[in-house]
Amino acid sequence: MHRAGCQVYFGKNIRRAQHYQEKYSEETGFMKIIEGGVTAAKGFSAAGIEAGIKKSGKDMAMIYSETPCRVAGTFTTNLYKAAPVKWDQAVVRGCQKTDGSHVAEAGGSDRTASAQSEATEDRKETAIAQSEASGSIRNPGGWAHVVVVNSGIANACTGEEGYGYCRDTAVKAAELFGIRENQVLVASTGVIGQQIPIDKICAGIEAMKPMLSENAAGGSQAAEAIMTTDTVKKEAAVQITLGGKTVTIGGMCKGSGMIHPNMCTMLSFLTTDANISGELLQRALSASVPDTYNMVSVDGDTSTNDTCLVLANGLAGNAEITEEGEDYQTFFEALNEVNTRLAKKMAADGEGATAMFEVKIIGAESKAQAVTICKSVVSSSLVKAMIYGHDANCGRILCAMGYSGAEFDPDRVDVSFESAAGKIKIIENGVPNGYSEEEATRILSETAVTAIADLKMGDQSATAWGCDLTYDYVKINADYRS
């Protein structure tokens, strides 16, 4: 979304974010990092257009799979859940009625996941037929064909009218593609409290259908269309081998402000041609999110619209993954790699930011302890301002660690800073060690800075990502709606 005041930082921020993203294009062990995003996997196409929802720029995106996809998702924990979040939760759980209302599902997600892993096309059609006969058409086991996304308006705090527009969006897409409306996922991002212009949404869906492309350009256009205050598109993709078959996982996300996840404060869309049961697809996503998107903080605000969706169409042709064996672990690690890369790109592109800030807690007694301290440090406004000023004010990091709520011995802690310019220890056994201020400033002046705190209590660790806090963050958010 174009906003007055944003021009102040965009040029510098774009160069910094692009430089950071270019650093991550290598091969990693058993997986190959490839170019692309949501269209990298077989059978997926995408498009992005300017539908007139924002004042300027692309503002609608679509992802389509030529075959039905198993779908998994994680969503915001904010009590104010946007209408698209509620719609997608129901689709993922396989309990969306065609009138747009929710169907109570006894047994919850475990029962739904089990149904996913056992479903075949025959059973799927049988379930649909039975539901049609009873007047309540369900999406058996959480299957999807299409994702429709708009930027500019969040469709949050919009009541029944806003939820009705989700259904209208799904109905329009279903009519055009000859599918059921409960196979359509929707997402929105932008200003809270405004109704979406459903006429423009429906016109946008019609315009995008013939524009869908399986090449990288289609995915890139979609990634651009979901941006709001983002300065760069955020895409990632990897390839692995499962049972002799090449499997691809690609994704795109948006997120620049209102980033403090508890699921994930942003929109993220992942596609894969892997053949994997719905149960294990959800398990893999749910296991990845806590160490990736949930470890990003730009400003401490958890959004109403947080959504992360992964669609798997099975076109790679690998034997279906139905248990947690070697293939599942390989798939999980590849999915986690894509999520990690997208999470870092969000952190690097925080609103008004000039530097990505990474926090590593090592030597912790437990994973929970490390995560708690990590999040406290990376979220501290004083620490973030310190990073912006290239000032090694070590007391701010110790303070943030101390009020985190985690128990540790302050007198044993070591703290270091690291960047492309080098590494320097500033705290040893809880006190400053007489470090060189000039050297510390030089290290903190890079576009990516890491703070490492060693608790000397065990072998557990955690990593969180954020960015510095600048004048421009305030400028952008002081007139967000203008």
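Owing to the predicted nature of the structure, the values given are computational and were not obtained by experimental measurement.
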Within-4.5 Å side-chain heavy-atom neighbours: [X] and [Y]:
X      : Y      : result
Met401 : Val377 : yes
Glu365 : Glu407 : no
Cys374 : Met295 : yes
Met252 : Leu267 : no
Val310 : Arg70  : no
Ser445 : Thr441 : yes
Cys394 : Pro432 : yes
Val413 : Phe408 : yes

Next on the checklist: Heavy-atom count check: over 12 atoms from other residues, nucleotides or ligands less than 6.0 Å from Glu326 CD?
Outcome noted: no
Item to check | Residues Lys367, Val371; criterion side chain to side chain contact (heavy atoms under 4.5 Å, CB included); working and verdict | outcome: CA-CA 6 Å; Lys367 178 75 170 181; Val371 167; 4.2 Å; yes
For [X] and [Y], indicate whether the former's side chain and the latter's backbone hold a donor-acceptor pair under 3.5 Å.
X      : Y      : answer
Ser376 : Ala400 : yes
Asp88  : Val91  : no
Lys54  : Ser151 : no
Lys234 : Val232 : yes
Arg341 : Ala236 : no
Thr271 : Leu311 : no
Thr39  : Asn215 : yes
Asp59  : Ala51  : yes
Asn150 : Ala61  : no
Ser65  : Asn313 : no

Checklist entry - Tell me, which pairs form a side-chain hydrogen bond (donor to acceptor under 3.5 Å, both in side chains) where one or both residues lie in residues 449-464, sequence neighbours left out? => result Glu358-Thr450, Asp414-Lys456, Asn429-Lys456
Side chains of [X] and [Y], donor plus acceptor under 3.5 Å:
X      : Y      : answer
Tyr293 : Asn339 : yes
Thr189 : Lys254 : yes
Asp468 : Thr354 : yes
Thr76  : Asn78  : no
Thr158 : Asn155 : yes
Glu439 : Tyr435 : no

Euclidean distance, [Y] [atom2] relative to [X] [atom1], rounded to 0.5 Å:
X      : Y      : atom1 : atom2 : answer
Gln369 : Ile361 : CD    : CD1   : 9.0 Å
Phe332 : Ile276 : CZ    : CD1   : 11.0 Å
Met31  : Thr248 : CE    : OG1   : 12.5 Å
Leu285 : Asn336 : CG    : CG    : 10.0 Å
Cys157 : Ile192 : SG    : CD1   : 6.0 Å
Phe44  : Tyr64  : CZ    : OH    : 11.0 Å

Search all heavy atoms of [X] against all heavy atoms of [Y] and return the closest pair with its distance.
X      : Y      : result
Ala316 : Val247 : CB-CG2, 3.7 Å
Thr228 : Gly152 : CG2-N, 4.3 Å
Val184 : Trp87  : O-NE1, 2.9 Å

Item to check | Partner of Leu185 by side chain to side chain contact (heavy atoms under 4.5 Å, CB included), out of Val148, Val149, Val71, Thr169 | outcome: Val71
Next on the checklist: Please enumerate all residues that pass ring pair (Phe, Tyr, Trp, His ring centres under 6.0 Å) together with Phe417, with sequence neighbours excluded.
Outcome noted: none
Checklist entry - Going through the checks in order, is the side chain to side chain contact (heavy atoms under 4.5 Å, CB included) test met by Thr340 and Trp465? => result CA-CA 10 Å; Thr340 299; Trp465 304 282; 4.1 Å; yes
Could you check whether [X] pairs with [Y] (Lys NZ or Arg NE/NH1/NH2 to Asp/Glu carboxylate O, under 4.0 Å)?
X      : Y      : result
Glu418 : Lys360 : no
Arg283 : Glu279 : yes
Lys58  : Glu224 : yes

Checklist entry - After noting the C-alpha distance and the side-chain angles of Phe331 and Ile249, does the key distance pass the side chain to side chain contact (heavy atoms under 4.5 Å, CB included) rule? => result CA-CA 9 Å; Phe331 175 83; Ile249 304 174; 3.6 Å; yes
Checklist entry - For Leu270 and Leu309, what are the C-alpha separation, side-chain angles and deciding distance, and is it a side chain to side chain contact (heavy atoms under 4.5 Å, CB included)? => result CA-CA 6 Å; Leu270 308 163; Leu309 297 168; over 6 Å; no
